[in-house]
Structures are given as C-alpha cells and as structure tokens.
Amino acid sequence: MQRAGTITYVNGPVVRARVTGELRMMEQVEVGREGLVGEVIALEGDLATIQVYEESAGLVPGDPVKGTGMPLGVELGPGLIGSIIDGIERPLVALAEIAGDFIPRGVVTDALDRHRSWRFVPTAVVGDHVAGGATLGTVPETPLVRHRIMVPPDVSGDLIWLAEEGGYGVNAPIARVRTHDGERELTMVQRWPVRTRRPVSERLSPNDPLITGQRVIDALFPMAKGGTAAIPGGFGAGKTVLQQGLAKWSDAQVVIYVGCGERGNEMTDVLEQFPRLQDPQTGHSLMERTILIANTSNMPVAAREASIYTGITLAEYYRDMGYHVALMADSTSRWAEALREVSGRLEEMPAEEGFPAYLPSRLASFYERAGRVRTLGGQVGSITVVGAVSPPAGDLSEPVTQHTRRFVRTFWALDKSLAAARHFPALNWMASYSGYAETVADWWRENVSPEWSDCRQQISSVLHRESELQEIVRLVGPDALPDEQRWLLWVARLIREGFLQQNATDPLDAYTTPEKQMALLQLILHALRRGREVLAKGAPVSRLENEISIWPQMIRAAATVPNDDLSALDEMRDRLDVQMDALLKEYQS
Ligand code: ADP
Ligand code: MG
C-alpha cells in the first residue's frame, strides 16, 4: 500500500493532508514537490496533521505528501563528531547557513558522509551470540573518540560473518547476524527515532563530579556526570558564556552543543573558537570531541522543537559506547516558544501563558534522558544535561523556569544585578542549589582533599552570613557592626572577588583545576582563622584590613597562579602568617 496524502491546508510549519495511502502517527514524511522533511503529529480519520521541519513557504494545497514508513529519526554512525548539523541532522557545511540567510530546502543530504572511508577493526568473534549493544568492532573517529560499532538495540542472534580489518564506507556491510526472523546485514549506521529513548541495562546513581573548571560551580554548586542542571537568567546575564565555558572545559568525553533559537553569531563564535581551543585533559582540539547542532533564530521554528531530541539521541548513542557525554541546550526557552507557536497553529487549547498543556511532559521527556547508566554492552556511560532558560524579564516564576525546576537537580540562577556589577559568572549563591554536593563529596575526598566538604561548608556559611549582615549594613552602615562581623564581611569579599568571580575571556582564569580550587579556598579560610585569632587578642579589624599587604595579591591569585604550579599560593600563605604573627605579637599578653 502506498504511503501518501495530498495537502489541503497550509499554516506556516503546520500542514494538513488528506491521506490517500497509509500514513501513521509520528511517521516521517516528505512534504511537497521538494520533499521537505515533516512528521505526522495528529491523525483523525483520513486527515493527517503534519509538522514541517523546513521553511514551508511555497507549499500549496494539492501538493503531495509521501510517507517514509519510519518515525522521525536520525542516522547514527562514525562522522558525527566534529560535525555541525541542524535540528533534523542535516549537515550545515557553510558558516553562512548558520549565521545568515541561505538554508537549502528539501535537498536530500545524508547526515553521514557516504564517500568517506573509515578504518574498521573487528573485535567480535564469528559464531558468538550477540545482542543489542554488543561491540562488533571499532573505528578511530577522531584522535579523542574511538567509535564502537555496536549491534543495534533491537537485533540479537548468532554472528555469522564479520568484515575483516579495512576501510569501509558507512553503508558497506560489516556483519551478518542470524536472528529469529532471518539474517540481518549490519552496516556502521543505525537509525533511531529521536522521540524514543535508547534502552540501557541499568540506571546508576550519578556519583562522580563533572569537573567544569568553573570555580563557583565545582566548589559550591557541583554537577555530577549524569546529572541535570538549568541555568535561568535574563538577557545578558551570562548564560551563553557559561554554557560555552562548560562545553570547553568540562571533563566530558563527548560534548553536544545545541544552539536553539538564539542568534546565529553566537554559534559562529563557537565555530571559530572550538577548533583553536585545546581540551585541557588531552591537549587536542575541542572539535575532536564536539558535535554542534544549530537551529538559530533565523531557521525554521519546528526544527527547533526537534533539535533537542536530535541532540539527546546523539548523546545516548555515544553514551552507549561507554562515554561520558555532556549536552548543553541554549536556550530551552526558545525551544518552548517553538512548541507554543506550533501549538497555536494547531489551535490547541493553551495552558499557562499560551504554552500547551504538554509543556511539562515534553520538558520531562528531555531531562529524563540524562543519567549515568550501565549500557546494553556492559559499559558505564553518562549523559549530563545543562539547559539554559531565558525567562522574559528575568521573572523566575514563569512556566518554563518553574516546570524545568521540577526536572533538574541543579539550579544555577544567574542574576541581573551581579552581571550589571560585572560579577561573572553572575551566579546568585543565595538562589542557586545543587542536589549533587553530597554525592560527589567522596570523589573530592579521595582525589583532591579530605577537607573538601568541610571547606565548602565554611565558605558557603560565610557567604550566607554576609548576606544577613548586608541587611543590617544597609540600615545602619558598616561601622555599627562589631569587629568580628566586619572581619567576616572582609573575608566574604575575598571569596567573591578572589574565588567566585571568574573571567571567561582570560586564558588562565577561564579554567581552574580542582587542586587549585582547593588551594585557593584553603588560603582564604586560613586568612579567616588567623584574622579571628588576632581579633580575639584585641586588635581592631581596621589593622587587619589596612596593614596586611597580601589582600590584592590574594584576590588576583585565581587569575595569576598557574594551574600546574601552586607554589605561589604557599608563598602567600607564608607572607600572611608572618604579618599576622607580627600583629599577634603586639597584642600578646
Ligand atoms: P546571555 O546568554 O545570558 O544573554 P551572555 O552569555 O551572552 O548572556 O553574556 C553577556 C555578556 O556578559 C558577555 O558578552 C560578556 O561580556 C559578559 N560575561 C558573561 N559571563 C562572563 C564571564 N564569565 N567572564 C567575562 N565576561 C562575561
Ligand atoms: Mg545567550
């Protein structure tokens, strides 16, 4: 039976068609004479409603619709790393396509290059029983990513033939499996429907930190590999800079960066920087571990809706190879707006602020695909998801922020007033939280310092205390405070300016190792203790503030002391002790 229909009505990205053949719900369809990519999103009797993922201008009633027999899906195989694709996995070759005006339509471009040859090294053994997730062989995809060619999740049986080592195109047969219903020939490519999660054998709890090199995150609001976070913040608060910082510096093995509905020039920034930047763990170009998905504001709105599912499906595929994957989506608010726009054209009943009633379930179906897992093939892999949220007017009570909050365990709230004061990252330490601080503590204790949890608590208690004292200062001025409290305010300033603030544009400051983070915190807490000791002997706080000469140097330490040589921090501590000892002596006995 032919899978087909005829268009009866066009409303932007929403098209209705009278079904003349057999079309299924969620089926991917070719729309119009140019064969634009579409998906059946509703089916009533012989009337299909179709969402078109490409610019739909020019479609008219009477145009044909053709079914593909498959749900909206992506191709998975070698060649994805380092590539730049749109929300429905079409390769974007020229920068102009991302930044500007020219987006080809209906051209059938394969996501994976058919002409490229990959060196396949077989690792499975003919005669073995293989099931979904089993590794047949590997391909060196980039110097950083060894690509496992896996049996697709829905195939199992006896391996009756395996290609020998050699160069193969992605469509060349590399294995044959005898399954219950006949022989299956496998290539290096799998297809997977983007709205369906890929199966795993077990979900594990996320215990290891994702080290980001961003001090305020790692030290105060840590992320776990396999965790979820949202970055809410108004325009200009620093969401994009922070997401890009995470994509550059975090210790994920594969990074998927989804530029979703934001301006094209932000994506071109990434494209210009990433190939030149080095991964701090391996020294290789960042593009050798990165996939960019661009559906910028000038691109069709429906593909924006698909882009985050495309992103998470690619993330699952690399996770299934046993990699730790991080996915950044900038911005999920623009994604939700696409959902709202299409819903409006479908004339659905709107819920809060015009968003469809299924907004929360769609958000959930995205964030729930994060996690640390045991894969079908028996490896441990993870997907960390970080979504930027851009609430209109910075109002965190709006629906996208509120629903997102229910599905993420970490909340990095960016604050307009901090950004205005040039305190970057403008992460509000009173409004942010992390659900992983306890779970990652063991890693820090074993790998960096037994004092991590303790330090972290002391630092955050100084910051909380500061915020309470600020209220009093606003009413009566700082001089009314007892010396011990003024000292606490002084140390809080050291924490804010010398630790929390981090300049993303400074090569040294942009990334701080866990060891250096720990050493900086210990130095600040050492100053806190020594100061208290001196105050207890009766010295006035003004002498600590004015006569200890090390403060400016301490504040600059994060940006001046190299990650691989912390000796300057020890010297600062020694100088601090000498000066504190001198003060102490004056007030002794
Ligand atoms: P948003 O995406 O929230 O609209 P951006 O990430 O584009 O905001 O940040 C706006 C501006 O703030 C940047 O162009 C940059 O000047 C500044 N900025 C943000 N974060 C930092 C940072 N960590 N270091 C230095 N400058 C920053
Ligand atoms: Mg932005």
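Just so you know, ligand 1 is whichever comes first in the structure, and atom 1 is the first atom listed for that ligand.
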Check: Do we get R405 above F411's six-membered ring, with its NZ or CZ under 6.0 Å from the centre and within 45° of the axis?
Finding: yes
Item checked: Test log, rule side-chain contact (heavy atoms from CB on, under 4.5 Å), inputs L489 and L469 -> CA-CA 8 Å; L489 292 184; L469 293 176; 3.9 Å; yes
Check: So, for atom 4 (O) of ligand 1, does the protein have a heavy atom nearer than 4.0 Å?
Finding: yes
Checklist line | Protein residue, atom and distance nearest to atom 16 (O) of ligand 1, heavy-atom basis | finding: R422 NH2, 4.0 Å
Checklist line | Protein heavy atom at shortest distance from atom 25 (C) of ligand 1 | finding: N503 OD1, 3.4 Å
Notebook entry, point to check: Would you say the side-chain atoms of Y436 and E438 include a donor-acceptor pair closer than 3.5 Å?
Noted result: no
Check: If you measure every N/O of G236 against every N/O of ligand 1, is any gap under 3.5 Å?
Finding: yes
Note to self: Is there a side-chain hydrogen bond (donor to acceptor under 3.5 Å, both in side chains) between Y318 and Q253? Walk through the geometry before answering.
What the structure shows: CA-CA 9 Å; Y318 283 91; Q253 294 163 304; over 6 Å; no
Note to self: What protein heavy atom lies closest to atom 9 (O) of ligand 1? Include the residue and the distance to one decimal.
What the structure shows: G238 CA, 3.5 Å
Next item on the list: May I ask you to identify the nearest protein heavy atom to atom 17 (C) of ligand 1, giving residue, atom name and distance to one decimal place in Å?
Entry: F424 CZ, 3.5 Å
Next item on the list: Drop me the distance from I312's CD1 to T310's OG1, to the nearest 0.5 angstrom.
Entry: 11.0 Å
Next item on the list: Begin from the C-alpha positions of H403 and E352 and carry the test side-chain hydrogen bond (donor to acceptor under 3.5 Å, both in side chains) through to its verdict.
Entry: CA-CA 11 Å; H403 290 303; E352 309 139 278; 3.2 Å; yes
Check: For atom 2 (O) of ligand 1, what is the nearest protein heavy atom, given as residue, atom name and distance?
Finding: T240 OG1, 2.8 Å
Next item on the list: For ligand 1, note which part of E262 has a heavy atom under 4.0 Å away: side chain, backbone, both or neither.
Entry: neither
Check: Below 4.0 angstrom, N of the basic side chain to O of the carboxylate: do E451 and R445 qualify?
Finding: no
Checklist line | Any G233 heavy atom less than 4.0 Å to ligand 1 | finding: no
Check: Less than 3.5 Å between some nitrogen or oxygen of L242 and one of ligand 1, yes or no?
Finding: no
Check: If we only count N/O pairs under 3.5 Å, is F235 in contact with ligand 1?
Finding: no
Notebook entry, point to check: Could a heavy atom of G234 be found less than 4.0 Å from some atom of ligand 1?
Noted result: yes
Check: Parallel, tilted or perpendicular for W444 and W452, by the 30°/60° rule?
Finding: parallel
Next item on the list: Consider every N or O of T505 and every N or O of ligand 1, then say whether any pair is closer than 3.5 Å.
Entry: no
Item checked: Nearest non-hydrogen protein atom, atom 6 (O) of ligand 1 -> V241 N, 2.8 Å
Next item on the list: Return the residue, atom name and 0.1 Å-rounded distance of the protein heavy atom closest to atom 24 (N) of ligand 1.
Entry: A504 N, 2.9 Å
Check: After noting the C-alpha distance and the side-chain angles of Q517 and D218, does the key distance pass the side-chain hydrogen bond (donor to acceptor under 3.5 Å, both in side chains) rule?
Finding: CA-CA 8 Å; Q517 294 187 30; D218 292 346; 3.0 Å; yes
Checklist line | Contact flag T240/the Mg ion (ligand 2), N/O/S atoms, threshold under 2.8 Å | finding: yes
Check: For atom 23 (N) of ligand 1, what's the nearest protein heavy atom and its distance?
Finding: Q502 O, 3.2 Å
Check: Around atom CZ of F235, are there more than 12 heavy atoms of other residues, nucleotides or ligands at under 6.0 Å?
Finding: no
Margin query: Checking Q522 against R573 for the side-chain hydrogen bond (donor to acceptor under 3.5 Å, both in side chains) test, could you report, in this order, the C-alpha distance in whole Å, the side-chain angles of both residues, the deciding distance, and whether it holds?
Written below: CA-CA 10 Å; Q522 281 169 324; R573 185 189 169 109; over 6 Å; no
